[in-house]
Number of protein chains: 2
Amino acid sequence: MSTDTARRLVDSMRELLWERGYTGTSPKAVLQRAGAGQGSMYHHFSGKADLAQSAVTATAAELRATVDAQLSAPGSARDRITGYLCREREVLRGCPIGGLTQDAELMADPALRAPVAETLAWLRGRLAEVLAEGVAAGEWRSSLDPDTTATTLVATLQGGYVLARAAGSPEPFDQAVAGALGLLAAFQV
Amino acid sequence: MSTDTARRLVDSMRELLWERGYTGTSPKAVLQRAGAGQGSMYHHFSGKADLAQSAVTATAAELRATVDAQLSAPGSARDRITGYLCREREVLRGCPIGGLTQDAELMADPALRAPVAETLAWLRGRLAEVLAEGVAAGEWRSSLDPDTTATTLVATLQGGYVLARAAGSPEPFDQAVAGALGLLAAFQV
DNA sequence: GTCTATAAGACGATAGAC
DNA sequence: GTCTATCGTCTTATAGAC
């Protein structure tokens, strides 16, 4: 059993979904990148949608694990939030999950859409938890609303990618993050 | 000369670019929506890219005019910013300009990318001007940085669209805006 | 100006040999 | 398990009639 070929197919699909989206990615392009023939793909998967589902699920799981490790690390809530917002990113490539929301064909398929929706919903919730910890610990004033602020921070990142891609430079992303941190700083005790 | 057919083609392309992106939009789909034949399109435009350029340019101009009217209206800077952030939007359709940044094929064409880049850069600058007015007028503390904050606000909107589309509900968009307004309120004098 | 006909190639999937 | 061959459809564009 060639688990290896299946994995190369999934990895190739993950890369292409990130670069060109679901609509812009053909099975042929995936096969070429993976160095496999038509038969391999249709042996391991029922088709393009099925392979994409494995790819999106894997990317979502990886993103979630990475973020959770960072947000669950030791340190103050403020340090963890700042660290997450300022961590290294391949800004111009965009968010491998958030970017998929723009693909109508992908979003029309419940199996493909679900991991995207769940990951972003989880992210908002996880950030809200950390913000709430910070408020409870007296790091921020209690007038800071954890839920709406968490959504604003996630939106800032997602929108930062959009502005950076438009500009062809990471600068707007960094500026968006800097602005958010500046606004958040007003709530420090 | 059938200016009318050309306009219907542009309008149809504008709608489809918004709904399905550049890669996901075929000339055939545009022609069907416009009720025209192949010949009409290739008479008025050199091809798909040329028609799309007219469409993107028109959408960009319209967005810019709408926003500028709102941000240049009479009233305090704070009211204008709040009004802009809270204005009626077809949230689940996403931003007709910002959404295009996710389309690699469109962004690879300088003629198609330029109006997208210019519109979002202009928007950041225009919001920064209004924020600076507000600071100068004593509406916000001088510790509020107009440039980074403007980028954060535009990113919040763009990211709000992403989160709303993922969730299939306008709620995350509204929450992101509410969070941003809450953060901004801390700078009120 | 607009139409239909046509073209070469890509798309997504299937069949069947090995 | 993987390959090549093949299928019917769609894509983008051109040709030429009207």
Side-chain angles (χ1 to χ4, degrees), chain A residues 1-57 100 102-113, chain B residues 1-57 100 102-113:
Chain A
M1 155 172 121
S2 173
T3 298
D4 183 58
T5 297
R7 184 166 38 242
R8 286 208 320 280
L9 287 167
V10 172
D11 287 344
S12 297
M13 178 57 101
R14 288 180 63 183
E15 291 173 14
L16 285 164
L17 283 177
W18 197 358
E19 287 172 24
R20 329 218 325 137
Y22 182 71
T23 301
T25 297
S26 66
K28 186 183 179 186
V30 176
L31 296 171
Q32 283 176 342
R33 186 169 297 212
Q38 295 270 64
S40 296
M41 171 174 146
Y42 287 101
H43 174 75
H44 292 288
F45 304 93
S46 69
K48 176 183 176 181
D50 187 34
L51 172 53
Q53 193 189 344
S54 288
V56 175
T57 301
L100 299 176
Q102 198 54 39
D103 196 304
E105 199 180 347
L106 181 143
M107 295 299 280
D109 183 334
L112 294 176
R113 178 192 186 141
Chain B
M1 159 173 118
S2 173
T3 298
D4 184 60
T5 298
R7 183 165 38 243
R8 285 207 321 279
L9 287 168
V10 172
D11 288 345
S12 297
M13 178 57 98
R14 290 180 62 183
E15 291 173 14
L16 285 164
L17 282 178
W18 197 358
E19 288 172 25
R20 328 220 316 142
Y22 182 71
T23 301
T25 297
S26 67
K28 185 182 179 187
V30 176
L31 295 171
Q32 283 175 341
R33 187 169 295 213
Q38 295 270 66
S40 295
M41 172 175 145
Y42 286 101
H43 173 75
H44 293 288
F45 304 94
S46 69
K48 176 184 175 181
D50 187 34
L51 172 54
Q53 193 188 343
S54 288
V56 175
T57 301
L100 299 176
Q102 198 53 38
D103 196 303
E105 198 180 348
L106 181 143
M107 294 299 279
D109 183 335
L112 294 175
R113 179 192 186 142

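As a basis for the values below, the full set of heavy atoms in this structure was taken, side chains included, without hydrogen atoms, waters or symmetry mates. Throughout, protein chains are lettered first and strands after them, A, B, ... in sequence-line order, and every chain is numbered starting at 1.
Put simply, CG on D50(B) is 10 Å from P on dA13(D), counting in whole angstrom units. Following rounding to the nearest Å, L31(A) (CG) and dC11(C) (C1') show an atom-to-atom distance of 12 Å. Atom CD of Q32(B) and atom C1' of dC10(D) are 11 Å apart (whole Å).
Within the structure, every side-chain polar atom (N or O) of T5(B) is placed at least 4.0 Å from both OP1 and OP2 of dG1(C). For dC3(C), neither phosphate oxygen OP1 nor OP2 lies less than 4.0 angstrom from any side-chain nitrogen or oxygen of H43(B).
Counting only Watson-Crick and G-U wobble pairs whose two distances sit under 3.5 Å, DNA chain D takes part in these stems of three or more pairs: C:1-18 with D:1-18.
Panel note: side chain T23(B), backbone G24(A); no donor-acceptor pair is recorded below 3.5 Å.
Each of V10(A), D11(A), T5(A) was evaluated against R7(A); a single residue qualifies, D11(A), per the side-chain contact (heavy atoms from CB on, under 4.5 Å) test.
With sequence neighbours left out, R20(A) forms a salt bridge (charged side-chain N to carboxylate O under 4.0 Å, His left out) with no residue at all. Residues satisfying the side-chain hydrogen bond (donor to acceptor under 3.5 Å, both in side chains) criterion with S40(A), sequence neighbours excluded, are absent altogether. Listed by chain and residue number, nothing satisfies the side-chain hydrogen bond (donor to acceptor under 3.5 Å, both in side chains) test with Q32(A) (two or more places apart in sequence, or in another chain). Partners of Q38(A) according to the side-chain hydrogen bond (donor to acceptor under 3.5 Å, both in side chains) rule, which considers only residues two or more places apart in sequence or in another chain, do not exist here.
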Atom pairs, N/O to N/O, protein against nucleotides 12-14 of chain C, distance under 3.5 Å?
unit_1	atom_1	unit_2	atom_2	d
dG12(C)	OP1	K48(A)	NZ	2.9
dG12(C)	OP2	P27(A)	N	3.4
dA13(C)	OP2	Y42(A)	OH	3.0
dA13(C)	OP2	K48(A)	N	3.2
dA13(C)	N6	Q38(A)	NE2	2.5

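Between M13(A) atom CE and M41(A) atom CE the span is 6.0 Å, to the nearest 0.5 Å.
Using a 4.0 Å cut-off between a side-chain N of Lys or Arg and a carboxylate O of Asp or Glu, R113(A) and D109(A) do not qualify as a salt bridge.
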